[in-house]
Structure formats: C-alpha cells, structure tokens
Amino acid sequence: MSELAPPFKAWHDFAMMPSTPVHPVRIRRSVLCVPAANQRAIAKVASLACDAVIFDLEDSVAPEMKGEARQNLADALSQRSPAAMETIIRVNEPGSAFHAADMDCVLACRPDAVLIPKVEEPEDIFAVLDRLAEADAPESLRIWAMIETPKAILNLTALAASGRTQASRLDCLVVGLNDLRKSTGVLPEPGRSYLVPWLMQTVLAARAYGLDVIDSVSNDFKDLGAFAAECAQGRAMGFDGKMLIHPAQIGPANAAFGPSETALREAEAIIAAFAAPEAAGMGVINMDGCMVERLHLAEAEVLVHKARMIAEREKASR
Ligand code: COA
Ligand code: MG
C-alpha cells in the first residue's frame with residue numbers, strides 16, 4: 001500500500017500534537033486473521049478486500065501443526081508482491097516453546113509487522129524488538145501488540161508509552177476479548193457493556209502515544225447484522241478498524257470504519273470554507289450555525305486523505 005506523505009499545512013500542525021500518530025497514516029479498517037495451518041484460507045487471501053491480514057501461528061494453530069504452519073507462510077509470503085495488502089504474522093508469546101522458531105519464520109518472511117500476543121509489560125515488547133535489531137531487520141518491519149490479559153489492561157500506559165522509546169517499532173494495539181473474557185469472567189453480552197471501560201482505556205492509551213488501535217474479533221460470523229452494529233460501536237469508540245475471523249466480515253468492517261459519504265462531503269466543505277479568502281487568518285469560522293475551528297480542518301484533511309487512499313486501493317485491486 002502506498003504511504004502518501006500528508007502535504008497539508010494543517011495536517012502538519014495536527015501531526016505535531018502529542019496525541020496524534022507519528023507514523024504515516026495507514027488504512028486498517030479490516031484486519032483478517034488467517035490460521036497459518038489452513039492452506040485453503042491462505043490461498044483465498046489474495047482475492048479478498050481486507051486492508052490487512054494477520055497470519056496466525058498462535059491460538060488457531062494446534063501445537064503439532066506449528067512447524068507446518070511456519071512452512072506454509074514461508075511458501076506463501078515468498079510469492080507476495082510488494083504492493084499487496086499489509087501483512088502481519090502473529091507469533092506465539094515470548095517465553096513459549098514456539099516463540100524462537102516463530103521469530104525465525106518472521107525474519108525469513110519479512111512481513112510488515114509481527115503481532116505479539118498476551119503482552120503484559122514493556123519487556124515483552126522489548127524482547128521482540130531486541131530480536132529484530134539483533135537480526136538487522138529493516139525499520140519497516142514493525143511491531144503490533146495484543147491487549148488481551150488483565151495485566152495488559154492495568155499496564156496500558158506503560159505498554160503504549162514503550163512505543164515512544166528510541167528505535168521502537170510499536171505501531172498498533174489490537175484488543176483480544178476472547179482471552180480477556182476468559183481470564184476475567186466477563187460474559188459475552190450484547191453491547192459489550194462491561195467491557196467498554198477497558199476498550200475505551202485501550203483507545204485512550206493508543207492515542208496518547210500515537211498508536212493505531214484495532215477492535216477485537218467477533219466470533220459469530222453468521223449474524224452480520226449484529227456484526228455491523230458491533231463495528232459501528234467500535235468506530236464510535238474511536239478504533240481504526242476491527243480484527244476479523246471470516247471473509248464475510250470484511251465488507252461490513254470496511255463500510256463502518258471507512259469515511260461515510262456524509263462525513264466526506266462535510267470534510268470537503270470545511271476545507272473549502274477555510275480556503276476561501278474571507279477565512280484567511282481566521283482560527284474559527286461559522287458554518288451554517290456551527291462553530292468550526294482549525295482543528296476541525298486538520299481532522300477534515302486527514303479524512304479526505306484516508307478516503308483518497310481507500311479509493312486508490314480500490315482502483316488498484318480492480
Ligand atoms: N481467512 C481466509 N479464508 C477464510 C477464512 C479466513 N479467516 N475463514 C473462512 N475462509 C474461507 C474458507 O476457507 C471457505 O473457502 P472456500 O469457499 O474456498 O472453501 C470460505 O471462506 C467459507 O468458509 P466457511 O465454510 O464459512 O467457514 P469455515 O468452516 O471454513 O471456517 C472458521 C470457519 C471460523 C474455522 C474460519 O473462519 C477461521 O479459521 N477463522 C479464523 C480463526 C482465527 O484466526 N482465530 C484466531 C484469532 S481469534
Ligand atoms: Mg488471544
């Protein structure tokens with residue numbers, strides 16, 4: 001995917017704010033998880049419209065299949081074209097019997113990122129960082145981290161802040177509610193009401209340190225109405241996208257996390273209003289009875305930029 005450098009003055013001001021991303025804007029509406037042991041699913045990925053794919057070596061792969069799964073990835077990723085969708089490999093957690101061989105697989109496959117499950121302390125991230133540095137992995141190989149244990153929620157600030165240390169590669173947090181429910185006893189109720197405080201805390205921590213943040217998987221891939229509602233909730237909470245388990249979930253996720261037509265028209269109107277000669281030097285303007293400030297202009301520019309990236313991607317995949 002191309003990383004368009006934001007050319008906008010207001011975007012630059014926005015990017016200088018401490019709570020906004022320091023890495024390029026990426027489109028991560030739909031992040032599909034694919035068990036690395038499933039060759040049929042791996043083969044299907046190229047035909048799918050998801051923004052990113054996580055090839056999983058962890059929970060979806062039985063212990064006796066780990067070696068075969070790594071080999072599948074070596075075969076599949078060696079044929080990958082550079083412009084293909086963002087590719088992530090989820091390894092088994094540092095300290096597990098499978099982790100070292102999984103990291104060797106990552107270093108051989110050179111995905112865009114390695115996803116570390118069950119991180120609890122910054123040291124879990126630093127261990128992977130050290131391994132990548134030791135192997136001279138390119139800067140472009142990034143780290144994502146799963147927030148899916150009670151300790152991770154309690155340590156969110158330190159975990160997210162570790163993304164701001166020198167030479168850090170941490171780009172993105174991904175919430176894992178299956179593990180979090182298992183270890184806390186919170187029931188899978190509609191609306192996720194008892195989980196919302198932890199979800200919001202994860203969004204807040206990610207934003208405080210300029211990281212992207214992806215909402216958890218939803219296990220029921222047949223009830224797409226309920227899934228669309230959960231995507232809308234995730235979007236309203238501020239998530240960048242959703243981790244998915246099934247191709248049927250890609251369309252609803254892309255729709256919910258992409259800019260709506262209405263939002264795009266509003267953003268374009270804000271940009272036009274600030275570009276008008278009468279707005280020169282003004283920090284705040286009146287648009288049809290609504291106060292609009294330059295921070296809204298910066299937001300509008302990011303939204304239009306993302307919409308262009310999505311359109312570019314759709315054109316390229318046609
Ligand atoms: N990625 C790519 N393709 C997938 C897929 C996925 N995650 N899930 C299903 N498919 C494919 C199937 O291979 C099948 O392809 P085909 O038409 O060529 O046979 C098609 O989509 C329809 O699949 P379906 O029959 O509806 O489901 P299934 O029984 O094959 O698989 C799951 C259901 C849940 C086992 C499967 O979706 C899956 O493994 N999901 C990911 C699980 C995971 O990664 N868990 C860890 C993170 S929480
Ligand atoms: Mg998990």
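Both counts, for ligands and for their atoms, begin at 1 and track the order of listing.
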Can you pull every nitrogen or oxygen pair between ligand 1 and the protein closer than 3.5 angstrom?
residue: ligand 1; atom: 7 (N); partner: Cys33; partner atom: O; Å: 2.9
residue: ligand 1; atom: 7 (N); partner: Ile245; partner atom: O; Å: 2.8
residue: ligand 1; atom: 18 (O); partner: Arg40; partner atom: NE; Å: 3.2
residue: ligand 1; atom: 18 (O); partner: Arg40; partner atom: NH2; Å: 3.2
residue: ligand 1; atom: 18 (O); partner: Lys44; partner atom: NZ; Å: 3.4
residue: ligand 1; atom: 19 (O); partner: Arg40; partner atom: NE; Å: 2.8
residue: ligand 1; atom: 19 (O); partner: Arg40; partner atom: NH2; Å: 3.1
residue: ligand 1; atom: 23 (O); partner: His246; partner atom: NE2; Å: 3.3
residue: ligand 1; atom: 26 (O); partner: His246; partner atom: NE2; Å: 2.7
residue: ligand 1; atom: 37 (O); partner: Ile245; partner atom: O; Å: 3.2
residue: ligand 1; atom: 40 (N); partner: Ile245; partner atom: O; Å: 2.8

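Of all protein N, O or S atoms, those under 2.8 Å from the Mg ion (ligand 2) number 2.
For Glu121 and Asn155, the side-chain atoms include no donor-acceptor pair closer than 3.5 Å. At a cut-off of 3.5 Å, with distance as the only test, no side-chain donor of Glu68 or Asn72 sits close to an acceptor on the other residue.
Rounding to the nearest 0.5 Å gives a distance of 14.0 Å between NZ of Lys242 and CZ of Arg235. Atom CD1 of Ile89 and atom CG of Asp56 lie 10.5 Å apart (nearest 0.5 Å).
Under the 4.5 Å side-chain heavy-atom criterion for ILVMFWY residues, no single connected hydrophobic cluster contains both Ile143 and Ile214. Side-chain heavy atoms closer than 4.5 Å link hydrophobic residues (I, L, V, M, F, W, Y) into clusters, and following such links, even through other members, never connects Met103 to Ile54.
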Scan the side chains in residues 270-283 for donor-acceptor partners under 3.5 Å anywhere in the protein, sequence neighbours excluded, and list what turns up.
none

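Residue pairs meeting the ring-ring contact (aromatic ring centres under 6.0 Å, His included) criterion with at least one member in residues 95-141, sequence neighbours excluded, do not occur.
The residues Arg142 and Asp112 are annotated as not salt-bridged, no charged nitrogen and carboxylate oxygen being separated by less than 4.0 angstrom.
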